Amino acid sequence: MIFYPVVFALLVTMALAIVRAVKGPSLYDRVLAVNMFGTKTVLFLAVASYLMGRPDFLDLALAYALINSIGVMAVLQFFQSREFRRRYEHRHEAE
Amino acid sequence: MNLDAHLPILQIIVPLMTAPVVSLLRVPSLPWAAATVTSGLAFAVAVTLTGQVLAGGPMSYALGGWVPPYGIELYVDHFSALLLLIITGASTVALAFGKASLDQEVGHERAPMFYAAWLLVVAGLCGIVATGDAFNLFVFLEISSLATYVLIASAPDRRALMATFRYLILGTVGATFYLIGVGLIYMMTGTLNLADMTDRIAEVGELRPVLVAAGFITVGLALKAAMFPLHAWMPNAYTFAPHAATAFLAACSTKAAIYVLIRFDLTVFLPHLSDHAEQVSGFFIPLAVLAFLIGSAVAVFERNLKRMLGYSSVAQIGYILLGLALLSPLALTGAIVHLFNHALMKSALFMAVACLAFRAGSVQLPDLAGCGRAMPLTMGAFVLAGLSMIGVPLTAGFVSKWYLILACLEYGPLGYVLAGGILVSSLLAVAYVWKVVEAAYFQPRPEGARELREAPPAMLAVLWLVALGNVWFGIDTDLTLGLAEQAAATLLGDGS
Amino acid sequence: MTLVFGVFLLTLLVIVAVAIVRSTNLFAAVMLSGIFSLLMAVNFFLLDAADVALTEAAVGAGVATVLFLSALALTAEHEQVRPGGAALQWLPLVVAFATGGLLIYATFQNPVIGDPNAPVHQHVAPWYLENTPELIDIPNVVTAVLGSFRGFDTLGEVFVVFTAGIGVLSILGLRHTLVEMTSAEIDARQRSLRHHLIPRVVGRGMVPFILLFALYVQFHGEYSPGGGFQAGAIAAAAIILYSLLEGDDRGRALVPEWLLQIMVASGALLFGGVGVVCMLLGGSFLDYSVLAEVPSEGQHLGLLLIELGVGITVSGVLLTVFHAFARRASR
Amino acid sequence: MSPETTIVAALVTPLIGAVGIALTGRLPNLRESVTLVTAGVLAVLVWSLVPQVMAGARPELLVTTMLGGLSIAFEIEPLGMLFGALAASLWIVNSIYSIGYMRGNDEKHQTRFYVCFAIAIFAALGVAFAGNLLTLFVFYEVLTISTYPLVSHKGDPATVRSARVYLGILLSTSIGLLLPAMIWTYAEAGTLDFTAGGILGDVAGPALGVLLGLYAFGIGKAALMPVHRWLPSAMVAPTPVSALLHAVAVVKAGVFTVLKVVVYVFGLDTLTEAGAQQWLVWVSGGTVVLASLIAMTKDNLKARLAYSTVSQLSYIVLGAALATASGVIGAAMHIATHAAGKITLFFCAGAIYTALHRTEVSELRGLGRTMPFTFAAFTVGAISIIGLPPFGGAWSKWFLTLGALEAGELFAVAVLMVSSLLNIVYLLQIPLLAFFRAPASGSVPEGVQEAPLPCLIAIGITSLLCVVLFFGADPLYELTRLLPSS
Amino acid sequence: MGVVELISFVLMTAGGFCVFVGGVGVLRMPDLYTRMHAASVTDTAGLFLVATGLMLHAGWSLPLFKLVAILVFLLVTSPTAAYALANAAMLSGHPPAGVRDETVPSAGRDGETP
Amino acid sequence: MEFLALYNYWVFAVLLLIGLYAVVAKVNLVKRLIGLSIFQGAVFLLYISMDKVEGGTAPIFQTADGAGVFSNPLPQVLILTAIVVGIATTALGLAVVVRIREEYGTVEEDVIEDMDADS
């Protein structure tokens, strides 16, 4: 029973993050929401593995904690290359 | 190690395991040589396997030593043996035929990947046919599909990319539908082994999930088989794929899906679902008729030779489905024989087109005007295979049509109409084959068109081998009909 | 209670799916589909499918997002909005609703979720649960089924991945479209995230841990969720992270392409090879029992080797694919 | 040589000839020699079989058996012998004529012409010797396809259009009607072999009528109205081809097939018992009269001859439809006699075109003195076709009338009478115009101006044949007499 | 319920509360940077509290180490991600709410108006 | 709670519907691939939903003899494979899309169709 409050809180927060991700308005808001959603997922997985009595499944939470960062880096790289492309296209249009 | 007992698995792993090796070969022409030899080896395995099946009945192979339904089982009977012959045979001849053509289109740089993908298509199709497990079938379906996309995308024309993409989307939707169907059946029966499924479905056959599953599997496979009206991906995929690859794919890629369709509908569903017979007939007969009428009609108006043949395939698939839908041994024999014969004629036709394209650089009919004089041997083979497609006696095409029409006449009043439909479609086939013949022989070369000469001897030799195969199997029908009759009898064994 | 959590999460899943389809910004759609995958993973976890959840998290949320973003960087970020284009299209809608409706119609005769008397739990599956301890002797039944009882499926799966790898290489790896760039731009481009100091330091620090974790997942897969596939994905993710931070060229220097291609092929060959060795030793294809004196030890050895093969091929292919996209971007 | 070997040799000879012609295409003289030699060899081979067949032998040759008892097989019975001998003999004559005509008109693609011709003869022989319906069908289609290049020889759009009509009607009727009829037959009888007395004994009357209809119209080459359209269309071909089409190979293959089907598939007794052929008498009779009437309206010489052919072919179908012994004998004889007559007429038309480039009947006024030989031969051919002695046509009409009387078909008798009258009007009109009308001023060339010598030789031979068929008709009668009794 | 359990319960509930607050903040705050602020601060706190609670629950065992690892990784990566995000947003010219800085070019270029 | 006992399957159907709609109706090629992955994801849910046993836990034994109630391992194995197939398809599809973009300069299907119609 001791896990229910935190589980509820996590679930609600996940929902809130999704609302933010859907609403935007900017791309960065979405990234923020995704990142936040990711950390909540890690926590939820961790708590849930105790809730279900299988603490050995913390592996999942660990795996995701590690992988989450890659997604964010990829996003960052994406922004950077997009900036680059814009500049490039801009220069070509100017010519 | 007793090789004979391992033949079913060898059939799959020979091409499958060679593919990674081929993908690493960097010496020009070596990938092609390796792929051709492997494919030939697979054909030899298929021939031996067929011999064994003919001699000793169906073969079963338990993978990992686990007894089905707990482990995966390979199951090769007459029907699958015939399909294995088609697949490995078509692959071998197309490879042996296509070196020059493929070098021209695919290039040396990409060759290792291309030939590896080719072998994967062979392995995937063999797997689909040989496996006795519903989910394993899905895995091989995906191997062959993905590899097919690679083959098509290797063509130089940019439209090949769009064709690949459409095929990829629709192919995946089809495969996923199949997966849903298998999931629902699994949910109701708890097994994935086809034979086991057949037994267990009897208890739950009337429940909705099973009925819906039957629908999903049928639609999914129909998509894969390019069955009218789900054929949209097919003409373009055939048109823009590398020519020799088209000769291979057209001969067997849709056949595997049809094989599975027949397997599922006749052995898994038919015996245990009441009304299934009526549903199959009611559903497939109109579609089959529309397929061969519309497919042939569109082909008549098509100026791109490859697309014309693509639509003709839509029509031919219609015949096969009709054979399935009539649900009689005679009709099924016709359908199964047509699987083989259609492979024979289409691969010859597409090879001839590949020869033309190799020299003329185009497959548009106006560009090919007058090619009959410059390339008499190529066009000769084309005409021979075209006659087979029309269904002229003494060619392979006649045998299957003969059976189909007899089955129609047997079917009752509606059958007469169906037989009429088949004849109309044959007439349309006359029209489009004739269009090519006329352009080739009776029209002058257009001004400024490329100078033509006969295709290289290596290509011609294989082309004529297959073209003459059309005559051979039109006359000596022991092998094809023998297998088909057995297969039809087994499939309908306890069904009708 | 888990049921309620499940219902809640599933509802979110539907909402996210609708949002993905409705969004005209493709970047947003990709971000949302990352969330979609995570929600999926959590649901799988709640439904007792730990291995699947791990895979979905590694693949769907990790690798797939990276791939989609790489592709987006090379294509276009926004869907074009046409006059009337945003409106629902009727024919596809009817098709989709017919399909969905049919399925919902079917569900009412489905066994209830969790019903222990459902046919799925009566046939075949109990056999695995009963016999795994004796025949394979490992705790993770999923791994046992995956590697041994249905090892042939897994072989097929490896070859699917292999096909995708050579396919992407064949489609993208050749015929580069060279873009003229000034040297400064190339520099700015190639250095990637290197001038972001904090991410770089943190990221570089994490790479070894991720790799370590990948090894753990690889070799501990018989005892806990995981196995070759997940390990391969995680290891690939580590290298991808390195490439993102240090630039694609350095990533390629770390794991050169010829090595990748050999990995791709050799993993698949290793798996198949084990099967063939089993045949040579007198068993059926993939019958690991013949690999050692004691059948269950043979099974252990076999599983270890094939999982290794899976891991090598998967990581090789994912990296190949990533590099194929990234190199396109850097030209 | 055993009969089997002879059959093989007879079938292969024209093919070898075709190859030889193709190889020697560069050297016209050699090429023509090859044609003539082949034709000669073939004629010898085929005629060598005649005595045996007349003696009652039925040489057989089984090439291969396919599915379900279907086979490719040959069997020579009197009717086939008659047709085969006819085709083989007339090929020689036609070749001689062709040489003159093609060179005289300086036609293009001569090699293709001779090759296709040889293949057409091969197909005609295949049809003649076929031992079952399937074999017959195969060669029937080969014949259609191999004659298409001949019909479309000229290659201009109008010609190609007409040639398409030719091909379209022949292929679509054969595949759309004949093939289903065959399949139906197979479904009922379980075989397609030609069997004395027929194989359809068990089929009910009305169905028999429908089946007969499928055959009658499916065999488009028999040109029964309304599927006769291809015949006038095919007139765009060079004249030797028209001669081949009308007299030797194509149309004869059609009526031959009808006759063969009636005798060996249905069986005369089966048909008469069921009365299923009654309607065919009316249709063919109607075609006879109607086609004659149309012929009268045609000014173009070849078109007139074409409709004449339509009409004459229906005599043969009529004879078959009467389903009496004399009717069948008459029909069979008419195949030969009409061949001789009609080939003469076409040769003449071609000769006129080669010499004077005239194609319309009205242009022939007063040309009798310019081309006396040609018009004399034309008169012979015309009278033979009308059916007056002392020419071959008299016998076939005699037996046809006899058959009509035997069958009690007064309608058929009336048709024969009326059509003979119409024949006189539209055929004899032409030599009359040529010989007895004053030429239109200035349009007649000075002196005698005949066609090239090979043409004249050919014309001479065929007109002679018309006479020979009257005085030496006994062998012909002996051969055809075997038919109804078989 | 033992003392450790109780403490664990309290910690986790507090963590849950932090997380929830963060969620509300992300939803309600006016612009990107304030949202980010809300998210990262509460995230870290919530994370810390929940993980500690779980650790207490776990006691000395393998899962404890896994929890530590999770905690450490998230503590490191989450701020990094926030930094990187803010950096990217700022560089590409995404303005904080209320700031109308003319030097920041093409404001709101990335913004989709909802 | 009874009515929720089939909720998973309904969600499966709805997701399938959404994915299928995106695949069929969308013109943007990347969007169609995203739709495709939703579509496939739905099927994963179908399989995984049926593996659950009330009161069971994931099929990884905690004791050597394998005592306890466990969910069904088989659908999980199947879906592991299916996920791999899905990502493979997606990767290949994206590669094709990137090439299409290079050749045509767009990834909107109707624009591409117009361009092909012209050529």
Side-chain angles (χ1 to χ4, degrees), chain A residues 1-10 12-17 19-36 38-40 42-47 49-50 55-59 61-62 64-66 68-73 75-80 82-83 86, chain E residues 1 5-6 8-9 12-27 31-32 35-36 39-40 43 46-47 49-51 53-54 57-58 61-63 66-67 69-74 76-78 80-82 84-89 91-92 94 108-114:
Chain A
M1 283 305 111
I2 63 167
F3 298 109
Y4 283 147
V6 66
V7 169
F8 279 125
L10 285 170
V12 171
T13 315
M14 282 159 96
L16 294 176
V19 173
R20 179 45 74 199
V22 173
K23 269 175 74 176
S26 76
L27 298 183
Y28 304 100
D29 288 293
R30 296 179 200 276
V31 179
L32 174 69
V34 170
N35 189 32
M36 182 171 151
T39 52
K40 297 302 159 304
V42 174
L43 285 182
F44 182 83
L45 288 175
V47 177
S49 56
Y50 275 94
D56 46 335
F57 291 168
L58 278 173
D59 287 359
L62 185 56
Y64 193 65
L66 289 166
N68 194 20
S69 59
I70 297 169
V72 179
M73 293 302 161
V75 171
L76 204 57
Q77 164 85 4
F78 173 75
F79 283 141
Q80 198 166 347
R82 190 179 58 159
E83 251 343 273
R86 276 194 185 153
Chain E
M1 198 187 275
E5 291 281 274
L6 189 67
S8 158
F9 172 74
M12 282 196 290
T13 310
F17 179 73
C18 285
V19 166
F20 174 70
V21 168
V24 173
V26 165
L27 195 64
D31 77 337
L32 176 69
R35 282 177 209 142
M36 215 177 264
S40 37
D43 240 22
L47 174 67
L49 290 170
V50 174
L54 283 177
H57 191 80
S61 61
L62 181 66
K66 287 184 186 168
L67 280 169
I70 292 172
L71 180 61
V72 171
F73 283 131
L74 280 187
V76 173
T77 55
S78 178
T80 313
L85 186 60
N87 194 321
L91 279 180
S92 69
H94 195 86
R109 198 165 47 182
D110 294 321
E112 285 175 89
T113 35

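Keep in mind it's a predicted model, so treat the numbers as computed, not measured.
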So how far is it from E/Leu67 CG to A/Leu58 CG, rounded to the nearest 0.5 Å?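 Taking CG in E/Leu67 and CG in A/Leu58, the distance rounds to 4.5 Å.
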As an exercise: rank [options] by heavy-atom pairs under 4.5 Å with chain A and give me the winner.
options                            : answer
E/Ala84, E/Ala39, E/Gly22          : E/Ala84
E/Gly46, E/Ala69, E/Ala81          : E/Ala81
E/Val21, E/Thr13, E/Leu47, E/Asp43 : E/Asp43
E/Pro63, E/Ser78, E/Gly16          : E/Pro63

Relative to chain A, which segment of [X] carries a heavy atom at a distance below 4.5 Å: side chain, backbone, both, or neither?
X       : answer
E/Ser61 : neither
E/Val50 : side chain
E/Leu62 : neither
E/Val24 : both

Which atoms form the tightest heavy-atom contact between [X] and [Y], and what is the distance?
X       : Y       : value
A/Met14 : A/Lys40 : CG-CB, 3.8 Å
E/Leu49 : E/Cys18 : CD1-SG, 3.9 Å
E/Lys66 : A/Asp56 : NZ-O, 3.5 Å

Can you list the steps and then say if A/Leu45 with A/Phe57 is a side-chain contact (heavy atoms from CB on, under 4.5 Å)? CA-CA 8 Å; A/Leu45 288 175; A/Phe57 291 168; over 6 Å; no
Is it the backbone or the side chain of [X] that comes under 4.5 Å from a heavy atom of chain E, or both, or neither?
X       : result
A/Ala17 : neither
A/Val31 : both
A/Leu43 : side chain

Partner set under salt bridge (charged side-chain N to carboxylate O under 4.0 Å, His left out) for A/Arg20, not counting sequence neighbours: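 None.
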Residue selection (most heavy-atom pairs with chain E, distance under 4.5 Å) from A/Asp29, A/Leu66, A/Val47: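 Greatest number of close heavy-atom pairs with chain E: A/Asp29.
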Please list, chain by chain and in numerical order, all residues satisfying side chain to side chain contact (heavy atoms under 4.5 Å, CB included) with E/Ala82, sequence neighbours excluded. E/Ser40
Check the surroundings of atom CZ in E/Phe20: do more than 12 heavy atoms from other residues, nucleotides or ligands lie under 6.0 Å from it? no
